Amino acid sequence: MTEDVIRTKSLGLSAEGVRDQYADGKAAKVWEIFIGDKKSRTENYKNFLVGMLREKGCKKILDVACGTGVDSIMLLEEGFEVTSVDASDKMLKYALKERWSRRREPAFDKWVIEEANWLTLYDDIGHMVGGGFDAVICLGNSFAHMMDNFGDQREQKQALSNFEKCVKPGGLLLIDHRNYDHIVYSGQTPSKCIYYNSSHKTDIKTSVLYEAGKPAMVMMDYFINIAQPMGGAMNGNSNINEFRLSYYPHMLEVFKRMLKEAFNTKQDYKIFGDFKHLNEIDIPNFYIHVVEKK
């Protein structure tokens with residue numbers, strides 16, 4: 001894996017306070033190959049998200065971590081009105097390309113896509129918020145890209161506060177993260193992601209960085225074979241691409257407290273594990289937080 005290795009160990013910076021780990025464009029391209037096909041979405045994911053939004057009567061959705069647009073596209077096709085933002089212009093170009101190619105479809109013609117920073121989100125898009133969105137979504141472990149630069153999570157709290165400001169009374173915030181409690185304890189990350197049914201073989205090497213005895217960063221080295229399967233087997237090793245993404249390891253109890261603080265305890269709050277109620281699963285890969293603003 002010489003010429004095919006993609007490294008993003010020196011993180012780019014797309015906007016002040018928010019690191020763009022896809023800034024070199026190469027990792028963004030491989031990530032799009034891996035997750036970009038919306039048909040690869042698991043039925044569990046689609047049924048959970050769409051079902052939750054419809055159950056609560058949500059129509060107007062803000063996707064604050066749209067990336068290549070895979071969630072937003074799914075929601076547009078399901079009849080929702082979607083506004084999509086992301087800090088990475090390299091990721092957004094895939095969403096913009098999809099909007100252009102499907103511009104003759106009314107839903108895609110009205111699709112709003114903007115580059116935005118979570119730390120200034122409300123100021124950046126306040127003119128579009130109005131009375132608030134029916135739902136704000138931040139999914140795919142996206143929030144964990146924001147690091148704790150000051151050691152007190154002030155920027156993460158500010159971002160959650162901005163999300164809250166964009167939710168109308170009675171609306172929802174759906175936000176998720178990996179089970180970092182388990183990752184920190186075991187030192188391993190399952191390579192099979194519940195959010196995608198990719199045909200590309202993937203391995204993940206996980207490292208945990210500690211500061212002052214506390215986990216401060218989880219680094220995941222992804223090894224993705226981008227070759228198409230041939231007769232059930234991958235086409236050699238020449239198409240294996242490697243890139244590293246770094247995440248802040250959100251511990252479940254701490255994250256719960258931050259969410260409740262952002263909503264000033266005026267909320268109806270539920271947590272799911274891998275789209276199931278927590279009492280139905282022992283060790284989930286992902287936690288999905290659903291907060292209803294009162």
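Quick caveat: nothing in here was measured; it's all calculated off a predicted structure. Count residues from 1 along the sequence.
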*What pair of heavy atoms forms the shortest contact from Met146 to Leu119, and how long is it?*
CE-CD2, 3.8 Å
*Which value, rounded to the nearest 0.5 Å, describes the distance between Leu245 atom CG and His145 atom NE2?*
5.5 Å
*Measure the CG-NZ distance between Asp89 and Lys93 for me, rounded to the nearest 0.5 Å.*
9.0 Å
*Charged N to carboxylate O under 4.0 angstrom, Arg104 versus Asp109?*
no
*Is any side-chain heavy atom of Leu160 closer than 4.5 Å to a side-chain heavy atom of Phe263?*
no
*Have His289 and Tyr269 got a donor and an acceptor in their side chains that come within less than 3.5 Å?*
yes
*Show the numbers, then the answer: is there a side chain to side chain contact (heavy atoms under 4.5 Å, CB included) between Lys205 and Met220?*
CA-CA 6 Å; Lys205 179 181 178 182; Met220 297 182 186; over 6 Å; no
*Does a donor on one side chain and an acceptor on the other come within less than 3.5 Å for Ser72 and Asp63?*
yes
*asked:* More than 12 heavy atoms of other residues, nucleotides or ligands under 6.0 Å from NZ of Lys97: yes or no?
replied: no
*Met251 to Val184 - nearest heavy-atom pair and separation*: CE-CG2, 3.8 Å
*Heavy-atom side-chain proximity of Ser161 to Lys157 below 4.5 angstrom*: no
*What are the two closest non-hydrogen atoms of Arg178 and Thr189, and how far apart are they?*
NH1-CG2, 3.4 Å
*Examine His250 together with Tyr248 and report whether their ring centres are nearer than 6.0 Å.*
yes
*asked:* Rounded to the nearest 0.5 Å, what separates atom CD1 in Ile175 from atom OH in Tyr287?
replied: 15.5 Å
*salt_bridge(Glu292, Lys270) N-O dist < 4.0 Å*: no
*asked:* Heavy-atom count check: over 12 atoms from other residues, nucleotides or ligands less than 6.0 Å from His127 NE2?
replied: yes
_Whether the Asn141 and Tyr180 side chains hold a donor-acceptor pair (N or O, under 3.5 Å, no angle test) is what I'd like checked._
yes
*Step by step, work out the ring pair (Phe, Tyr, Trp, His ring centres under 6.0 Å) result for Phe272 and Phe48.*
CA-CA 10 Å; Phe272 298 85; Phe48 177 87; 5.1 Å; yes
*Is any side-chain N of the basic residue among Arg102 and Glu98 closer than 4.0 Å to the acidic one's carboxylate O?*
yes
*Closest contact, heavy atoms only, Ala135 versus Cys58*: CB-SG, 4.0 Å
*State whether Glu81 and Lys110 are salt-bridged, where the test is any N-O pair (Lys NZ or Arg NE/NH1/NH2 against Asp/Glu carboxylate O) under 4.0 Å.*
no
_Check for me, please, whether Trp118 and Met128 land in the same ILVMFWY cluster - side-chain distances under 4.5 Å, paths through other members count._
yes
_Quiz question: by atom type and distance under 3.5 Å, do the side chains of Asn149 and Glu155 form a donor-acceptor pair?_
yes
*Taking the six-membered ring for Trp, are Phe286 and His177 ring centroids under 6.0 Å apart?*
no
*Check ion pair Asp134-Lys60 (N to O, under 4.0 angstrom)*: no
*Within a reach of under 6.0 Å around CG of Asp152, are more than 12 heavy atoms found that belong to other residues, nucleotides or ligands?*
yes
*Between Gly131 and Lys168, which heavy-atom pair has the shortest distance, and what is it?*
O-CB, 3.2 Å
*Are Ile281 and Ile271 connected in the hydrophobic side-chain network, where two residues link if heavy atoms are under 4.5 Å apart?*
no
*Quick check, are the ring centers of Trp100 and Phe108 under 6.0 angstrom apart?*
no
*Which atoms form the tightest heavy-atom contact between Leu49 and Ile137, and what is the distance?*
CD1-CG2, 4.4 Å
_With clusters defined by side-chain heavy atoms of hydrophobic residues (ILVMFWY) lying less than 4.5 Å apart, directly or transitively, does Met219 cluster with Met147?_
yes
*Between atom CG of Asn47 and atom CZ of Phe275, what is the distance when rounded to the nearest 0.5 Å?*
9.5 Å
*asked:* Could you tell me if Tyr45 and Asp71 have a donor-acceptor pair between their side chains, going purely by distance under 3.5 Å?
replied: yes
*In terms of hydrophobic clusters joined by side-chain contacts under 4.5 Å, are Ile283 and Phe255 together?*
no
